[in-house]
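Structure first, then comments.
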Number of protein chains: 4
Amino acid sequence: MPTTPEPGRRPHTGRRRNEAARQAILAATRRLLAENAPGRPVTVDAIAKEAGIGKQTIYRWWPSKGAVLLEALTSLARDEVRTPDTGVLESDLAAFLGDIFRAGTAPDNAAVLRTLAAEAARDAQVAELLLGFTRTRRGALRTLLERARERGEVAPGTDLDLLVDQAFGVYWFRFLSGLAPLTPAVARELARTLALGAR
Amino acid sequence: MPTTPEPGRRPHTGRRRNEAARQAILAATRRLLAENAPGRPVTVDAIAKEAGIGKQTIYRWWPSKGAVLLEALTSLARDEVRTPDTGVLESDLAAFLGDIFRAGTAPDNAAVLRTLAAEAARDAQVAELLLGFTRTRRGALRTLLERARERGEVAPGTDLDLLVDQAFGVYWFRFLSGLAPLTPAVARELARTLALGAR
Amino acid sequence: MPTTPEPGRRPHTGRRRNEAARQAILAATRRLLAENAPGRPVTVDAIAKEAGIGKQTIYRWWPSKGAVLLEALTSLARDEVRTPDTGVLESDLAAFLGDIFRAGTAPDNAAVLRTLAAEAARDAQVAELLLGFTRTRRGALRTLLERARERGEVAPGTDLDLLVDQAFGVYWFRFLSGLAPLTPAVARELARTLALGAR
Amino acid sequence: MPTTPEPGRRPHTGRRRNEAARQAILAATRRLLAENAPGRPVTVDAIAKEAGIGKQTIYRWWPSKGAVLLEALTSLARDEVRTPDTGVLESDLAAFLGDIFRAGTAPDNAAVLRTLAAEAARDAQVAELLLGFTRTRRGALRTLLERARERGEVAPGTDLDLLVDQAFGVYWFRFLSGLAPLTPAVARELARTLALGAR
DNA sequence: TCATAAACGAGACGGTACGTCCGGTCTTCTT
DNA sequence: AAGAAGACCGGACGTACCGTCTCGTTTATGA
């Protein structure tokens with residue numbers, strides 16, 4: 001998410017940034033990503049044309065193509081992350097993971113993330129954005145585990161971060177590789193395994 | 001400064017394939033991957049120049065740039081993956097994960113893997129090859145778990161693939177994000193958690 | 001270093017047209033044209049910034065970039081063109097051409113004209129305006145020749161426009177190509193040749 | 001109606017520069033220049049597409065778009081410059097100027113030269129090419145005048161270069177401005193005037 | 001023995017995408 | 001209402017890189 005330019009020292013005169021253009025760009029990007037048609041590659045030019053804006057407007061708001069893709073993805077999966085509190089770790093985990101998995105199963109996100117990871121590797125800014133994207137979700141899962149620890153469902157000395165990484169590791173790994181599914185059933189099974197491992 | 005391979009040293013082999021050229025290509029690729037310098041991108045032209053060979057020679061041996069990268073990686077990490085058999089799941093896991101973590105933390109490998117993952121992100125073919133690379137290791141871990149199941153250490157109905165993905169998920173996630181370490185201690189703790197979760 | 005016009009000094013005049021702004025624009029244009037530095041291209045944005053005004057103010061007063069350039073030139077070379085009348089064609093020509101050559105050789109004018117000609121070359125509108133600028137001078141020369149014709153110094157049937165174009169052709173050609181000088185001596189010699197050719 | 005060059009017919013030449021590609025580029029440029037259609041601007045992309053080659057191939061042979069235009073023009077007007085020798089200066093001049101004028105009257109050269117002059121102003125290389133283009137012709141005219149001087153048709157002390165510039169000045173001035181024609185009649189009249197002025 | 005065939009270094013080529021630049025218009029806030 | 005500031009659309013520019021193709025050279029093989 002691009003840091004909105006802090007309103008400068010001088011009260012901003014001049015034409016203000018056009019939020020509609022910004023949204024048009026994101027919408028167009030999402031549309032192209034969702035189509036994923038062979039003849040319609042997700043090019044910067046294609047995005048500009050689809051959005052009916054000039055290329056420069058894209059580069060005025062985002063530093064690179066990858067940044068746009070990331071934000072399009074983020075806004076795609078912006079559905080709030082629930083931090084359920086059923087009083088039982090396994091149930092909480094199952095609900096949480098189910099949510100995450102569902103958002104990540106949208107048909108074409110894999111391609112997006114592929115491009116993103118590439119950008120992240122060469123553009124530190126994108127990398128930071130990508131990490132920021134996951135940080136929120138990781139924080140939510142961590143909270144969930146801490147609550148369980150207070151309830152005594154987690155053995156003292158257990159490395160909570162490792163548990164978090166097990167969950168997100170599975171998620172990202174399967175998401176990116178497409179080798180195995182991210183179904184609700186898997187979410188439940190993963191919840192079970194993690195809850196067991198936490199004891 | 002690139003360790004330029006002494007130029008013109010490599011002899012022609014006439015109409016027979018020149019193994020030296022092949023090795024020069026792999027060595028040059030590894031060098032570029034390890035450097036990962038901004039002004040020295042890992043392009044096919046760069047590899048060819050660094051190796052002192054023609055681009056066509058690359059495409060005579062490999063179908064695409066990604067294939068070269070993968071093979072450079074594979075030859076780097078050829079150290080066989082042990083499939084220990086101590087008779088106790090947790091010990092087996094700890095040994096296996098320790099190996100994997102160590103290989104991925106060796107400074108040279110790390111740079112190569114990171115660049116390769118970036119490459120994979122933008123080239124689906126590389127991604128496929130990279131997955132093929134991990135398949136072997138995944139197979140080893142899976143074997144290890146199956147043996148434990150036969151010994152009764154794993155609850156029937158447990159999703160072994162999910163356990164495998166938890167292990168490799170943590171590995172890749174931490175490796176690529178750099179958010180958390182991959183120390184031997186983490187390997188042991190992960191082994192403990194997985195063994196617990198398998199019950 | 002650009003002689004930045006003290007910024008913010010010029011007062012707003014509210015709803016009345018601000019002659020000061022107009023002059024600032026012309027001055028800034030002249031400055032940029034005269035500099036002709038590689039890093040300071042004569043773009044509309046550059047002019048606006050250098051003048052400390054908004055781009056729209058330029059387009060409120062002139063229909064296009066070229067029009068601004070032309071007016072900057074015109075105001076530069078406003079020195080009236082003399083139409084001498086010595087009663088002898090050759091003398092008249094020598095005086096007239098001497099003036100023209102001198103104006104075009106003044107260092108400042110030279111830079112401006114050269115840049116402008118370049119601009120004219122890529123912008124048909126500028127070319128048109130530039131021609132309008134020369135039309136006045138051409139008219140003066142033509143008048144001079146007509147007077148000579150009435151005096152009988154020009155053979156009947158002589159193409160006066162062709163003579164005019166010979167004079168201005170030499171002027172522009174040498175001015176733009178820089179291949180040969182535009183000295184007073186050349187003006188005299190050209191006057192002699194033209195007077196001869198007119199007979 | 002783009003006369004598409006039979007696609008894919010042109011053979012590769014391997015590591016040597018492909019003269020066919022070069023010619024295809026020039027031909028395509030000439031075609032686009034000649035069309036001068038509003039919807040088909042003479043863009044680098046358009047040239048590349050029309051020629052059926054990659055843009056990079058253009059930039060491998062020429063430093064900029066202007067250079068291509070110039071060469072297309074040059075090759076267009078490559079018709080040899082005659083240096084007639086009738087034994088009479090005026091006749092020689094008339095023939096020579098007639099040739100030059102005819103070449104310059106091709107409908108669309110004006111646009112080409114406009115673009116060229118723009119490039120020349122910012123790209124010294126193009127400027128040099130443009131001057132080289134005229135040098136040959138100027139040399140021919142100069143030779144012609146020198147022969148006349150030897151025959152005694154030119155007054156001693158006459159500035160031959162000035163006469164040359166009068167001729168080419170008229171040519172370029174009318175050519176670029178389009179203000180007055182370059183008909184055979186004008187060539188004859190100019191020849192008469194110059195021959196007179198030389199005496 | 002000598003012609004042929006294959007691999008090689010070199011690098012031009014077609015094609016696709018990228019990110020930048022600039023002209024002219026539009027919008028917002030200030031004076 | 002005019003002005004300063006600057007975002008916006010459109011379109012061209014020149015660069016980077018992939019994978020293909022051909023050249024001329026070098027060497028092993030087979031007639």
Side-chain angles (χ1 to χ4, degrees), chain A residues 8 10-18 20-21 41-46 48-49 51-61 63-65, chain B residues 7-8 10-18 21 41-46 48-49 51-61 63-66 123, chain C residues 7-8 10-18 21 41-46 48-49 51-60 63-66 123, chain D residues 7-8 10-18 20-21 41-46 48-49 51-61 63-65:
Chain A
R10 154 177 33 78
H12 190 269
T13 67
R15 186 173 185 175
R16 269 171 329 193
R17 295 213 152 162
N18 187 350
V42 187
T43 315
V44 177
D45 284 271
K49 191 148 239 175
I53 51 96
K55 238 195 324 180
Q56 196 59 52
T57 301
I58 294 180
Y59 286 102
R60 196 175 295 118
W61 292 63
S64 70
K65 178 188 164 184
Chain B
R10 192 176 343 100
H12 250 221
T13 54
R15 63 181 285 186
R16 272 201 330 255
R17 292 215 154 165
N18 191 345
V42 188
T43 63
V44 177
D45 286 85
K49 194 145 235 175
I53 51 93
K55 259 205 297 186
Q56 191 56 47
T57 301
I58 293 181
Y59 286 101
R60 196 174 294 119
W61 294 66
S64 74
K65 175 189 164 184
D123 182 345
Chain C
R10 192 177 346 95
H12 253 215
T13 54
R15 61 182 286 185
R16 269 195 337 268
R17 291 221 158 157
N18 189 345
V42 188
T43 63
V44 177
D45 287 85
K49 193 145 237 174
I53 52 93
K55 261 206 295 186
Q56 191 55 48
T57 302
I58 293 180
Y59 285 102
R60 209 187 323 272
S64 74
K65 175 189 166 183
D123 182 345
Chain D
R10 191 176 345 100
H12 263 213
T13 54
R15 65 174 289 188
R16 270 194 335 243
R17 296 218 148 160
N18 190 345
V42 187
T43 316
V44 176
D45 284 271
K49 192 148 237 175
I53 50 94
K55 239 196 323 182
Q56 196 59 52
T57 300
I58 294 180
Y59 286 102
R60 195 175 295 120
W61 292 63
S64 71
K65 177 187 163 185

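If you take CZ of A:Arg17 and P of F:dC9, they are 12 Å apart, rounded to a whole angstrom. Distance C:Ile58 CD1 to F:dG3 C1': 12 Å, rounded to the nearest Å. Between the NZ atom of C:Lys49 and the C1' atom of E:dC21 there is a distance of 15 Å, given to the nearest Å. What separates CD1 of D:Ile53 from P of F:dC21 is a distance of 18 Å, to the nearest Å. Atom CD in B:Gln56 sits roughly 10 Å away from atom C1' in F:dT22 (whole-Å rounding). If you take CG of A:Asp45 and P of F:dC9, they are 14 Å apart, rounded to a whole angstrom. If you measure from atom NZ of D:Lys55 to atom P of F:dA12, you get 10 Å, rounded to the nearest angstrom. Between the CG atom of A:Asn18 and the P atom of E:dC29 there is a distance of 13 Å, rounded to whole Å.
Mapped onto DNA chain E by nearest heavy atom, B:Gly54 and A:Tyr59 fall at different nucleotides, with B:Gly54 at the one closer to the 5' end. A residue-by-residue look at B:Ala46 and A:Ala48 shows that A:Ala48 has its nearest nucleotide of DNA chain F further toward the 5' end. Mapping D:Val44 and B:Thr43 onto DNA chain F via the closest heavy atom, the residue that lands nearer the 5' end is D:Val44.
At the phosphate of F:dG6, neither OP1 nor OP2 sits under 4.0 Å from any side-chain N or O atom of A:Arg16. Between D:Trp61 and E:dA12, a side-chain N or O to OP1/OP2 separation shorter than 4.0 Å is absent. Note on C:Thr57: a side-chain N or O is less than 4.0 Å away from OP1 or OP2 of F:dA4.
B:Pro41 and B:Ala46 make their closest contact through O-CB, 3.4 Å (heavy atoms, listed as atom of the first residue, atom of the second, distance). A pairwise comparison of heavy atoms in D:Ala48 and D:Gly54 identifies CB-C, 4.3 Å as the closest pair.
Across E:dC8, F:dA7, F:dC13, the shortest atom-to-atom separation from the side chain of D:Lys65 is found for F:dC13. Closest to the C:Arg60 side chain, of the nucleotides E:dG19, E:dT27, F:dA2, is F:dA2.
Taking CH2 of B:Trp61 as the reference point, atom CD1 of B:Ile53 lies at 11.0 Å (rounded to 0.5 Å). Taken from OG1 in C:Thr57 to NZ in C:Lys55, the straight-line distance is 12.0 Å, to the nearest 0.5 Å. In this structure, NZ on D:Lys65 lies 10.5 Å from CD1 on D:Ile58, to the nearest 0.5 angstrom.
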